[in-house]
Amino acid sequence: MNLKGKGCLIPIVIVAAIILIGVTLFAGNYNKFMTSEETVNQQWSKIDVQLQRRYDLIPNLVNTVKGYAEHEKEVIQAVSNARAALGGARTPDELAAADQQLQGALSRLLVVVENYPTLKADAQFTQLMDELAGTENRIAVARGDYNNAVAEYNKLVRRFPGVFIARIMGFSEKQYFETTPESRTNPEVDFGTEDTSWIPALRPALSQLAYLIPEGE
């Protein structure tokens, strides 16, 4: 091959090398996006499972309270309405708002329970509160895992070179599952009763929702 032919080949090789490097970088970063997004989806599904579990527990709790305090219709209805709102929520923001509504309704319900010592001593009520407390703990853990996954994903979207890939491929930032400042405050409830063995199971059900949420960047 003469020098002229070699001179024409060199730019072609350079261009081909640049294209190959570009494709490799693009594919690698695209795979990172897909993996990170799948992690977010998996963590969200864990939250969804626990929210569904709590959703299923609420009717049993309401029915148990009704058996002892049927005339407390306003408070009982508030819990039922909050449960319905939670069932209709879809986005993290909607779920956070519905979750706060439910926590407020449950707090009012448990204030009412203080007036019914027989209800507090009911074995089914105690078991339901234990299950609800355990569910709230799992929701808190799942919320923290989800928000950590979202934080990692959003970093890919905002940082170079991911920001260009995100624009080209339609990847956008995802929402954190956050609570409002009001829902981070524990309700003041005085359970002044000789039998206090059920209180430790009650408190997590009211206050385990926010402390694992990472600060936004």
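Heavy atoms only: backbone and side chains are in, while hydrogens, waters and symmetry mates are out. Owing to the predicted nature of the structure, the values given are computational and were not obtained by experimental measurement.
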Hphob cluster co-occupancy, V40 + M169, side-chain heavy atoms under 4.5 angstrom: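 Cluster IDs for V40 and M169 match.
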
If you group Ile, Leu, Val, Met, Phe, Trp and Tyr by side-chain heavy-atom gaps below 4.5 Å, do V157 and M34 land in one group? yes

Euclidean distance, [Y] [atom2] relative to [X] [atom1], rounded to 0.5 Å:
| X | Y | atom1 | atom2 | result |
| --- | --- | --- | --- | --- |
| S36 | N31 | OG | CG | 12.0 Å |
| L119 | L110 | CG | CG | 9.5 Å |
| N147 | I47 | CG | CD1 | 6.5 Å |
| K155 | K32 | NZ | NZ | 13.0 Å |
| L106 | Q101 | CG | CD | 10.5 Å |
| L132 | I139 | CG | CD1 | 8.0 Å |

Under 4.0 Å between a side-chain nitrogen and a carboxylate oxygen: does that hold for R54 and E131?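 Looking at R54 and E131, the cut-off is not met.
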
Under the side-chain contact (heavy atoms from CB on, under 4.5 Å) criterion, do Y153 and T39 qualify, and how do the steps go? CA-CA 9 Å; Y153 172 86; T39 300; over 6 Å; no

Kindly state each residue pair satisfying ring pair (Phe, Tyr, Trp, His ring centres under 6.0 Å) with at least one member in residues 126-152, sequence neighbours excluded.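 Applying ring pair (Phe, Tyr, Trp, His ring centres under 6.0 Å) to every pair that reaches into residues 126-152, excluding sequence neighbours, yields W44-Y146.
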
Between T126 and D130, is the side-chain contact (heavy atoms from CB on, under 4.5 Å) condition met? List the steps. CA-CA 6 Å; T126 303; D130 286 342; 4.2 Å; yes

Identify, with sequence neighbours excluded, every residue that meets ring pair (Phe, Tyr, Trp, His ring centres under 6.0 Å) alongside F33. F171

Other hydrophobic cluster members with F164, side-chain heavy atoms of Ile/Leu/Val/Met/Phe/Trp/Tyr under 4.5 Å, chained? F160, V163

Excluding sequence neighbours, so at least two apart, what forms side-chain contact (heavy atoms from CB on, under 4.5 Å) with Q124? T64, D122, L128

Excluding sequence neighbours, so at least two apart, what forms side-chain contact (heavy atoms from CB on, under 4.5 Å) with T91?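 Only D93, E94, Q175 meet the side-chain contact (heavy atoms from CB on, under 4.5 Å) criterion with T91.
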
For [X], side chain to side chain donor-acceptor pair (under 3.5 Å) partners two or more places apart:
| X | answer |
| --- | --- |
| R167 | none |
| R138 | Q50 |
| Q43 | none |

Side-chain donor-acceptor contacts of residues 76-89 below 3.5 Å, not counting sequence neighbours, with atom names and distances?
from: Q77; atom 1: NE2; to: N81; atom 2: OD1; distance (Å): 2.8
from: S80; atom 1: OG; to: I76; atom 2: O; distance (Å): 3.3
from: N81; atom 1: ND2; to: Q77; atom 2: O; distance (Å): 3.4
from: R83; atom 1: NE; to: Y55; atom 2: O; distance (Å): 2.7
from: R83; atom 1: NH2; to: Y55; atom 2: O; distance (Å): 3.3

According to the salt bridge (charged side-chain N to carboxylate O under 4.0 Å, His left out) rule, which pairs have a member within residues 36-48, sequence neighbours left out? E37-K174

Scan for salt bridge (charged side-chain N to carboxylate O under 4.0 Å, His left out) pairs involving residues 61-75, sequence neighbours excluded, and state none if there are none.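 For residues 61-75, and leaving out neighbouring residues, there are no salt bridge (charged side-chain N to carboxylate O under 4.0 Å, His left out) pairs at all.
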
Flag the pair V150 / F177 as yes when at least one side-chain heavy-atom distance between them is below 4.5 Å, and no otherwise. no

Side-chain heavy-atom pair R108, V112 within 4.5 angstrom cut-off: no

Using a distance-only test with no angle check, is there a side-chain donor-acceptor pair under 3.5 angstrom linking D99 and Q103? no

